Colleague: 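Here it is, the structure in full.
Residues take their numbers from the sequence shown, with the count starting at 1. Since the model is a prediction, treat every value here as computed from it, not as a measurement.
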Amino acid sequence: MMSPRPISEVRGSSNFRQTPLQIIHIVGNFLRIWSVYSMYRYLTQTGASVILFIFSCLVPSSILFLLLQKPWKGRSLSNTQVVPSVINGAITALYFILWGKGLKSCGPLRAILAEYSGAVLGVLSAVLYGRRGHLWKKVGGLIAMLASFYFLSQGWALATLSPFSFKDSLDSEVQTEQVLGMSKMMVPILAGILSALRRVIARRVSLKNQLKRRLHAITIASATSFLFPVAMWDLIIGSSDSNMELPFSAWAFLSTVLFGIILVFYVDSIAEEKLHMVFSSPRHLMAAAGCIIVMEIAYKMDFSLAGFLICSSILGIGIYEATTLERGRKDSLQKPEISNGMLDDELEMPSLPT
């Protein structure tokens, strides 16, 4: 009779199997963040319209998603799946608009970190669904997140404004000399909350991974359709104000399509399915922070490493507390998390409108 394998050996083999997936996750997020910096440089140097650029990227992305997933093939989709996915497309379109505006006004570092504001839904779930045992932890996490975003808005991550930097100025290609304030910082923060909301809806509608990918293709196509009239209006207004022809950047366009929209979806899906790592989680933030440090140095941005590490650490602590579940349950590690680490499988949510 064979003796059972030790727990440490089982965990070691499991971690070894997950190592390639973790590498894929880090590389995929690095490429996505690289596309964000390329997009930011293009928008700031040319003055191009954020809405038009995002729309021009969504059109080929939606076509590629439809060709890859073919939602019209296989088992037919019901109206209770398609209609919420179309509605989710409208939320996605609004998210892209707000996130693009926040990227152009706040810079890539603050825009990327603000995406993790979706963890505030953990506090909302505690209030609505009566998890009083963790309510104060979630509120404390929310306060820590707000403090982190406030410090970011005050320029703590910038070498020219950080209280932890002794340099008067930094020779960088892009500098933000003035303090933004929380009013401008709210734009990418709202975009992060919308991003978390669209992920919650996508998980609630699609219970199977293959179904999730098919419905995501419908969501992106729907977002492109909702963004079309806004882009056309922006084009008309922009053409009447100026007759200048803006230069086209192939790298900014291709990297946004391939890495910023398409690849990141599959990478995050692998992280959720195989690594049980949701977007608004401290582990995801840690990987993104490392990529941000590399890109800030590579692009010679106005960057304070000490200030950034302090802000990202406070944000990570806030996310950890705001997404606290009942960690005492031993089987919690075996279940994939639903939503951005906030709403678990046992929550009874009302059915989505059809």
Colleague: Hydrophobic clusters here meaning ILVMFWY residues chained together by side-chain heavy-atom distances under 4.5 Å, can you tell me if V36 and V264 are in one?
Modeller: no

Colleague: Any idea which heavy atoms bring S85 and V205 closest together, and the distance?
Modeller: OG-CG1, 4.3 Å

Colleague: Check the hydrophobic clustering (I, L, V, M, F, W, Y; side-chain heavy atoms under 4.5 Å; chains of links allowed) and say if Y150 and V187 are grouped together.
Modeller: yes

Colleague: To the nearest 0.5 angstrom, please state how far the CZ atom of F265 sits from the CZ atom of R32.
Modeller: 14.5 Å

Colleague: Can you find a heavy atom in the side chain of L109 that is under 4.5 Å from one in the side chain of Y37?
Modeller: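 When only atoms from C-beta onward are counted, Y37 and L109 do touch, with a gap below 4.5 Å.
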
Colleague: Quick one: OH on Y40 to CE on M301, what's the gap to the nearest 0.5 Å?
Modeller: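 Output value for this atom pair is 5.0 Å.
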
Colleague: Roughly how far, to the nearest 0.5 Å, is SG of C291 from CD1 of I26?
Modeller: 7.0 Å

Colleague: State, yes or no, whether a side-chain contact exists between P71 and L215 at a heavy-atom distance under 4.5 Å.
Modeller: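 Side chain of P71 against side chain of L215, heavy atoms only: no contact under 4.5 Å found.
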
Colleague: Let me confirm one number: the OG-NZ distance from S153 to K184, rounded to the nearest 0.5 Å.
Modeller: 11.5 Å

Colleague: Taking the side chain as everything from C-beta on, heavy atoms only, tell me whether L211 gets closer than 4.5 Å to L77.
Modeller: yes

Colleague: According to a hydrophobic-cluster definition based on side-chain heavy atoms being under 4.5 Å apart (Ile, Leu, Val, Met, Phe, Trp, Tyr only), do I218 and L94 belong together?
Modeller: yes

Colleague: Before you tell me yes or no, could you show the steps for S38 and Y299 under side chain to side chain contact (heavy atoms under 4.5 Å, CB included), namely the whole-Å CA-CA distance, both residues' side-chain angles and the distance that decides it to 0.1 Å?
Modeller: CA-CA 9 Å; S38 301; Y299 275 78; 3.2 Å; yes

Colleague: Measure from the side-chain N and O atoms of S304 to the backbone N and O of L158, and report whether any donor-acceptor pair falls under 3.5 Å.
Modeller: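 No; zero donor-acceptor contacts below 3.5 Å.
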
Colleague: Mind listing the side-chain donor-acceptor pairs of residues 56-67 below 3.5 Å, one per line with the distance, residues two or more places apart or on another chain?
Modeller:
residue, atom, partner, partner atom, Å
S56, OG, L52, O, 3.2
S56, OG, F53, O, 2.6
S61, OG, C57, O, 2.7
S62, OG, L58, O, 3.1
S62, OG, V59, O, 2.8

Colleague: Which residues satisfy the side-chain contact (heavy atoms from CB on, under 4.5 Å) test with I293, sequence neighbours excluded?
Modeller: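 For I293, the residues satisfying side-chain contact (heavy atoms from CB on, under 4.5 Å) (neighbours in sequence not counted) are I297, F303, L305, F308, L309.
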
Colleague: Please enumerate all residues that pass salt bridge (charged side-chain N to carboxylate O under 4.0 Å, His left out) together with R198, with sequence neighbours excluded.
Modeller: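 Once residues adjacent in sequence are excluded, R198 has no partner under the salt bridge (charged side-chain N to carboxylate O under 4.0 Å, His left out) criterion.
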
Colleague: Begin with the C-alpha distance, continue with both residues' side-chain angles, and end with the deciding distance and a verdict on side chain to side chain contact (heavy atoms under 4.5 Å, CB included) for Y116 and M145.
Modeller: CA-CA 9 Å; Y116 294 89; M145 291 173 61; 5.8 Å; no

Colleague: Would you name the heavy atoms of S280 and A119 that are closest together and state the gap between them?
Modeller: OG-N, 3.8 Å

Colleague: For A196 and G118, work out which heavy atoms get closest and say how close.
Modeller: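 Shortest heavy-atom separation between A196 and G118 comes out as CB-CA, 3.5 Å.
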
Colleague: Less than 4.5 Å apart, any side-chain heavy atom of R110 and any of M185?
Modeller: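 Sidechains of M185 and R110: in contact.
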
Colleague: Looking at G318 and A144, what are the two nearest heavy atoms and their distance?
Modeller: CA-CB, 3.7 Å

Colleague: F226 and V86: side chain to side chain contact (heavy atoms under 4.5 Å, CB included), yes or no, with the steps?
Modeller: CA-CA 10 Å; F226 280 111; V86 173; 4.2 Å; yes

Colleague: Could you work out, with side-chain contact (heavy atoms from CB on, under 4.5 Å) as the rule, every residue matching S183, not counting sequence neighbours?
Modeller: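 Listed in chain order: nothing, the list is empty.
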
Colleague: Roughly how far apart are C311 SG and F149 CZ, rounded to 0.5 Å?
Modeller: 10.5 Å

Colleague: Please identify each residue that fulfils side-chain contact (heavy atoms from CB on, under 4.5 Å) with L31, with sequence neighbours left out.
Modeller: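 Partners of L31 under the side-chain contact (heavy atoms from CB on, under 4.5 Å) test: V27, W34, F259, L263.
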
Colleague: Considering all heavy atoms of both residues, which atom of R199 and which atom of S195 are nearest to each other, and what is their separation?
Modeller: NH1-OG, 2.6 Å

Colleague: Only one of L275, D268, I319 forms a side-chain contact (heavy atoms from CB on, under 4.5 Å) with H284, so which one is it?
Modeller: D268

Colleague: Charged N to carboxylate O below 4.0 Å: is that the case for E272 and K212?
Modeller: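 Here E272 pairs with K212 in a salt bridge, since their nearest N and O are under 4.0 Å apart.
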
Colleague: I need the minimum non-hydrogen distance between A288 and I33, along with the two atoms involved.
Modeller: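 Taking every non-hydrogen atom into account, O-CD1, 3.7 Å.
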
Colleague: Is any side-chain heavy atom of Y266 less than 4.5 Å from a side-chain heavy atom of L68?
Modeller: yes

Colleague: According to a hydrophobic-cluster definition based on side-chain heavy atoms being under 4.5 Å apart (Ile, Leu, Val, Met, Phe, Trp, Tyr only), do M277 and M286 belong together?
Modeller: no

Colleague: Counting only N and O atoms by type, is there a donor-acceptor contact under 3.5 Å from the side chain of N88 to the main-chain atoms of P84?
Modeller: no

Colleague: Distance check, rounded to the nearest 0.5 Å: K104 atom NZ versus M39 atom CE?
Modeller: 9.5 Å

Colleague: Please identify each residue that fulfils side chain to side chain donor-acceptor pair (under 3.5 Å) with W72, with sequence neighbours left out.
Modeller: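 Not a single residue meets the side chain to side chain donor-acceptor pair (under 3.5 Å) criterion with W72.
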
Colleague: Are L190 and V230 linked, directly or through intermediate hydrophobic residues, by side-chain heavy-atom contacts shorter than 4.5 Å (ILVMFWY only)?
Modeller: yes

Colleague: Check this for me: W233, atom CH2, are more than 12 non-hydrogen atoms of other residues, nucleotides or ligands nearer than 6.0 Å?
Modeller: no

Colleague: Would you say V257 and I262 make side-chain contact, with heavy atoms under 4.5 Å?
Modeller: yes

Colleague: Does L285 reach the side chain of L113, with side-chain heavy atoms less than 4.5 Å apart?
Modeller: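 They are in side-chain contact.
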
